[in-house]
Every structure is written in structure tokens, then in C-alpha cells.
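Only one structure is covered here, and it is reproduced in the block below.
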2 protein chains.
Amino acid sequence: MPARKQTKAPPVMAEADIAIVRIAPETSFKNKAYEALKEAILKMDIYATPEQVMLDERALSERLGVSRTPIREAIAMLEQDGFVKTVPRRGIVVVRRTKTEIVDMIRAWAALESMAARLITTTARKKDITALRDFFKDFGKDRLPQDHVEEYSKANIAFHQALISLSESPVLVDLTNDLLLHVRGYRQLTIGRKDRTATSLPEHLGIIEALEARDTELAEKRARDHTLGLAAYVEAHGQELFS
Amino acid sequence: MPARKQTKAPPVMAEADIAIVRIAPETSFKNKAYEALKEAILKMDIYATPEQVMLDERALSERLGVSRTPIREAIAMLEQDGFVKTVPRRGIVVVRRTKTEIVDMIRAWAALESMAARLITTTARKKDITALRDFFKDFGKDRLPQDHVEEYSKANIAFHQALISLSESPVLVDLTNDLLLHVRGYRQLTIGRKDRTATSLPEHLGIIEALEARDTELAEKRARDHTLGLAAYVEAHGQELFS
DNA sequence: TCCTGGTATTTGGTATGCCAAAAATCTTCC
DNA sequence: GGAAGATTTTTGGCATACCAAATACCAGGA
């Protein structure tokens, strides 16, 4: 049996020199494809176009410069996430949610966030809670949220995510983020549009106050009612937002 | 170019005769593998063995009689579910949850279930709510739950799932089921063991009563507190249950 | 012109084979 | 006998080829 030639130079370097960077698993193509496709799907406004958006394995593999195999694995993952649905010999379709489904998701979000609020009152540090106000420091009497809907919407999302994070519950954080990704698919519904924006800020501050006061029940209720309010809003005014 | 021979007989049948059965997409190997592996993982007691359980793509493909491709796709899906974690050139390991993680999951479960309870008070039919009692009809003064822990545990799970279903919220149902699958991994913790079993039944009945009374706040509170009680129990007595 | 049979093409599903990194095993030299 | 080093084996990652079902497309006939 012929010996395999060795081209690798002997490692003469000194050990334990710099903090080992964990070698960076250099994400596989599968994961890269997953991230790329996920971002692409989230970026596009799937509710804007009349006909459903389809994906093509081969086209994607060419665009991303990899074979179909990792693409298919990425698609399988996206399907688990509910972003995509592959129909046997038809194609891969980007899932469009109905108004009912979105409302349903927002309710679940409300449930998770109210639990987060509950937990926060018992574990979070005062300064971290107070820091939540910073998300809205750019808004006030002289700069109304309803006059900067886009910007306020971003602050809104950031606030909610920061809030959940304070619960220090990975499960709540992950589940909520997943839901948020789906809900945010609706561009037009920038998380409570102009008319809701006005009441949004005071409610947020109310939540923060309850958290600071360590009033578990009140914080939970306010967090829940706030998000349920959004659900009700979408349910009532959602017609025009959906196809 | 040679013509492809046609073996299909011409369909001379009368249309609109029998209800077309939609052909049944005959789940792909990928999905079959997913289901099979998922069930296998849930069936095994991963917390019983000292060393972590590993899966081998090739071995699995042989066992299931399919190639590695569908197996890998199934693995990718299971990884999304959090049941499995594949380490690049090491292997595929069945994820073991820590006590903290389980407690965290139960809290999320509590959040979702309390929201379900809330919704139920406003939408469910009286008879459906009352039917929830049936799950415990085999237990009473003469047949205490704590004397039939295994059986009661099954009724327990069934009750909770039926409860959530009554909310008619697919999102709540799906999210809860996913969490349940992970939580149930702990065989030893048969969802509140003997000592908790005693208080479990009355609490369940309390939830049902609140639902029947359409007392939204109370139902929510009872549902939440009941499950949070389990979380607290696991957090307090979980040491001996985990490695 | 429009329908019809049928072929070509498209598309996801699956099987295989090879690669490189790691780990396991074996060699060899001190 | 032990340890460093080379080799084999294992294992997941990826590319490729082929299949069958579904569809698109096209020619021929009423």
C-alpha cells in the first residue's frame, strides 16, 4: 500500500500564545444558504405581489454558487420555520400568512411578553429596566411618534426585544423573535401605524413604570394588554392590509 | 430522438364519478425519516445514559433503507427543532436539556396556556369546556391520582393539550406542543410527580370552573399559576432528576 | 380556430461518490 | 515501555447524476 504524501508542514509554533478564536466553524454552505435565503425572504415584501413567490432550487444553487444539496437542506430548515412550503413536483412557495394567522401570532407574542414582564419584575436590575426608556428618548412632545412612524416603529421593535431579553429567558426570547419575524413580514403594518402610534408610547412607559415598581401583576397586565391591543387593531383594520 | 414508449392506458372513465382522493402526496423519505427519527428520539430516555447519545448518518440511512440525502435533510429539520445538534466532523448529538432550560420552557408553556385560557373564556362553547372534566373521570376519592401516577400523568398531558386546543389558536397549539415534546423528555419527571399530583387535580378543576364562569382574568391566572407551579417544582426538586 | 394527443422540459426527490477534517489506530524510534 | 508521528478510518459536507411526476409546449386533425 503506497504511503500518502504529506504536504502539511510540521507545526513548530508556540502553543497558548493568543486567545484561541475557537477556529470559527466557518459556517457550512447549508447554514450560509439558510441565512441568505431567510434574509432574502424577510427582505422582500411577499404581500405586495399578487401572485405567490416561488423559489427554484437550481436557480438558487447557481446564484449562491453551491450545489443543490446544501440549498435543499436550507429549504428544509426554512420549511420548519414556516417561511416556506415545498410542494412535491410543483415548487417551493414562500408562505403568505392570512390576517387571522398574524393576529394569532401577535396574541402568542402577547402571552410570551407578558410572562417576560412578570419575570423581569423579580429578577432584572433596576438600571436595566430604566434603560428601556432610552429607546424612546428621541420622541416627546416636540417630536411626536406619529410624525416619524418609520423611525418609531424601529424603536418599538427594539424596545420589545430588549424587554424580552431582560427576562433572561432564552426560550421566551427565541420564540418571540421567531414570531416577530413572521409578523414583521407585513410591511404596511409597521407594528401599529400612525393611529396606534399615539397611544403606543404612553403604554410603553406604563409598562416600564410597572416593572420599576416591581409590580408583577400590573407589569404583566400592561405588557399583555398593550400587545393584545395591537392584535385587536390588526384584526379590526387588517382588511386593507391584506390581499 | 427516439420517442418514449407510453405504457399508460388511456383513461376512458367517466368524470366526476367518485370523490377524488387528492392522490395523497405519499410523504417523501425526508419526512418519513424526520418522523421516524423524531419518534425514536422522543422514545429513548436520553437522560438515563451517562454519555451523550450520538447519531450516525450512514447507520441511519441503512437502518431506514434510504440514502443519506433524505436523512441529512431530516437531521437539518430536527436541528431546527432543537432536538439534535450536528457538530461538523464529530457527529450528530441528541441534545440534552439542562434543568434551567426545562424550567424555562415550562414557564413559556405557562404563558401560552394562560393566554389560551383567556381566549377560551370568550370563544369556546360551554359543552366543550365541560368536556374537559372527562379526562379525570377515572380519578376521585376512591381512586386517588397519586396512586396511579403514570396513568394520571397521561390524563394530565391530554387535558392540557385539549385545553390549548379549545383556544382554536393554531399558533398556541403548535408552540405548546413543541415545548411539551421537549419537557416530556424527562421521563422521571412525569409532569409533576407523586407529591405534586395531589394538588394537581383540584387545580385543574379550578381552571375548568373559571372557564365555565367565563371569568377571563381568573381563568388566565389559574392556568398560569398551575403551570408555573410545575416550573417551581422542577426548579426546586429537579436536582435529583438531572445528571 | 380550437381542441387533443403527446413529447419535451421543468422540478423536487433520491442515490452515490468523493473530499477534508478529526479521531482512532498503528509505527517506530529513543 | 512510552511517546511522538504517520496512517487509516470515521464522519459530516458537498457535488453530481438520474428518476418520476407535473407542466409547458407543439404539431396535427376536426
Side-chain angles (χ1 to χ4, degrees), chain A residues 1-13 15 22-37 51-79 84-94, chain B residues 1-12 15 20 22-37 51-79 84-94:
Chain A
M1 53 195 83
R4 186 179 302 177
K5 63 181 176 186
Q6 289 293 106
T7 57
K8 197 188 300 175
V12 222
M13 48 76 182
E15 300 249 25
R22 177 53 83 185
I23 284 297
E26 326 212 9
T27 15
S28 58
F29 286 170
K30 171 183 69 177
N31 291 309
K32 284 183 180 174
Y34 172 72
E35 295 299 336
L37 292 179
E51 73 288 346
Q52 52 185 13
V53 182
M54 304 286 284
L55 300 182
D56 179 70
E57 286 185 8
R58 282 167 238 261
L60 292 174
S61 76
E62 250 184 80
R63 283 271 286 277
L64 297 182
V66 297
S67 80
R68 284 176 57 207
T69 307
I71 297 288
R72 297 196 92 254
E73 294 174 344
I75 298 284
M77 294 194 282
L78 288 170
E79 189 160 15
V84 123
K85 167 76 177 172
T86 108
V87 189
R89 303 269 165 6
R90 301 295 290 276
I92 302 159
V93 42
V94 179
Chain B
M1 52 196 84
R4 190 179 301 177
K5 63 182 175 186
Q6 290 291 107
T7 57
K8 199 187 300 177
V12 222
E15 300 251 27
I20 316 296
R22 176 56 81 185
I23 286 295
E26 324 207 11
T27 18
S28 58
F29 286 170
K30 171 184 69 177
N31 291 309
K32 284 184 180 174
Y34 172 73
E35 294 301 335
L37 292 179
E51 74 288 346
Q52 51 184 15
V53 182
M54 304 285 285
L55 299 182
D56 180 71
E57 286 183 9
R58 282 165 239 259
L60 292 174
S61 75
E62 250 183 79
R63 283 272 286 277
L64 297 182
V66 298
S67 79
R68 286 176 56 207
T69 306
I71 297 289
R72 297 194 93 252
E73 294 175 343
I75 297 285
M77 293 193 282
L78 288 171
E79 189 161 12
V84 121
K85 167 75 178 173
T86 109
V87 188
R89 304 267 163 9
R90 302 294 289 275
I92 302 159
V93 42
V94 179

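Every chain is numbered from 1 and lettered A, B, ... according to where its sequence line falls, protein lines coming before strand lines. Just so you know, these numbers use all the heavy atoms, side chains as well, and skip hydrogens, waters and symmetry mates.
Pairs passing the salt bridge (charged side-chain N to carboxylate O under 4.0 Å, His left out) check and including a residue from residues 58-68 of chain B, sequence neighbours excluded, read B:E57-B:R68.
Across the protein-nucleic acid pair, B:E62 atom CD and D:dT11 atom P stand 12 Å apart, rounded to whole Å. Distance, B:L60 CG to D:dT10 C1': 15 Å, rounded to whole Å. If you measure from atom CG of A:D56 to atom P of D:dA22, you get 18 Å, rounded to the nearest angstrom. In this structure, B:L55 atom CG and D:dT10 atom P are separated by 18 Å, rounded to whole Å. Whole-Å rounding puts the B:R89 CZ to D:dT9 C1' distance at 15 Å.
The only member of A:I75, A:L55, A:L78 that meets side-chain contact (heavy atoms from CB on, under 4.5 Å) when paired with A:T86 is A:I75.
Comparing B:E57 and A:R90 by the nucleotide of DNA chain D that holds the closest heavy atom to each, the one mapping nearer the 5' end is B:E57.
Rounding to the nearest 0.5 Å places OG1 of A:T69 at 12.0 Å from CZ of A:F29. With rounding to the nearest 0.5 Å, the separation of CG in B:L37 from CE in B:M77 is 9.0 Å.
If you check every strand for non-hydrogen atoms under 4.0 Å, B:I75 touches nothing. Within 4.0 Å (heavy atoms only), B:I71 reaches no atom of the nucleic acid at all.
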Listed pairs, N/O of protein and of nucleotides 14-18 of chain D, under 3.5 Å:
{"residue": "D:dC14", "atom": "OP1", "partner": "A:F29", "partner atom": "N", "Å": "2.4"}
{"residue": "D:dC14", "atom": "OP2", "partner": "A:K30", "partner atom": "N", "Å": "3.4"}
{"residue": "D:dA15", "atom": "OP2", "partner": "A:S67", "partner atom": "N", "Å": "2.6"}
{"residue": "D:dA15", "atom": "OP2", "partner": "A:S67", "partner atom": "OG", "Å": "2.8"}
{"residue": "D:dA15", "atom": "N7", "partner": "A:T69", "partner atom": "OG1", "Å": "2.8"}
{"residue": "D:dT16", "atom": "O4", "partner": "A:T69", "partner atom": "OG1", "Å": "3.2"}

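In this structure, B:A33 and B:P70 approach most closely via the heavy-atom pair CB-O, 4.4 Å.
Contact annotation: the side chain of A:K85 never approaches that of A:Q52 to less than 4.5 Å [non-hydrogen atoms, C-beta and beyond].
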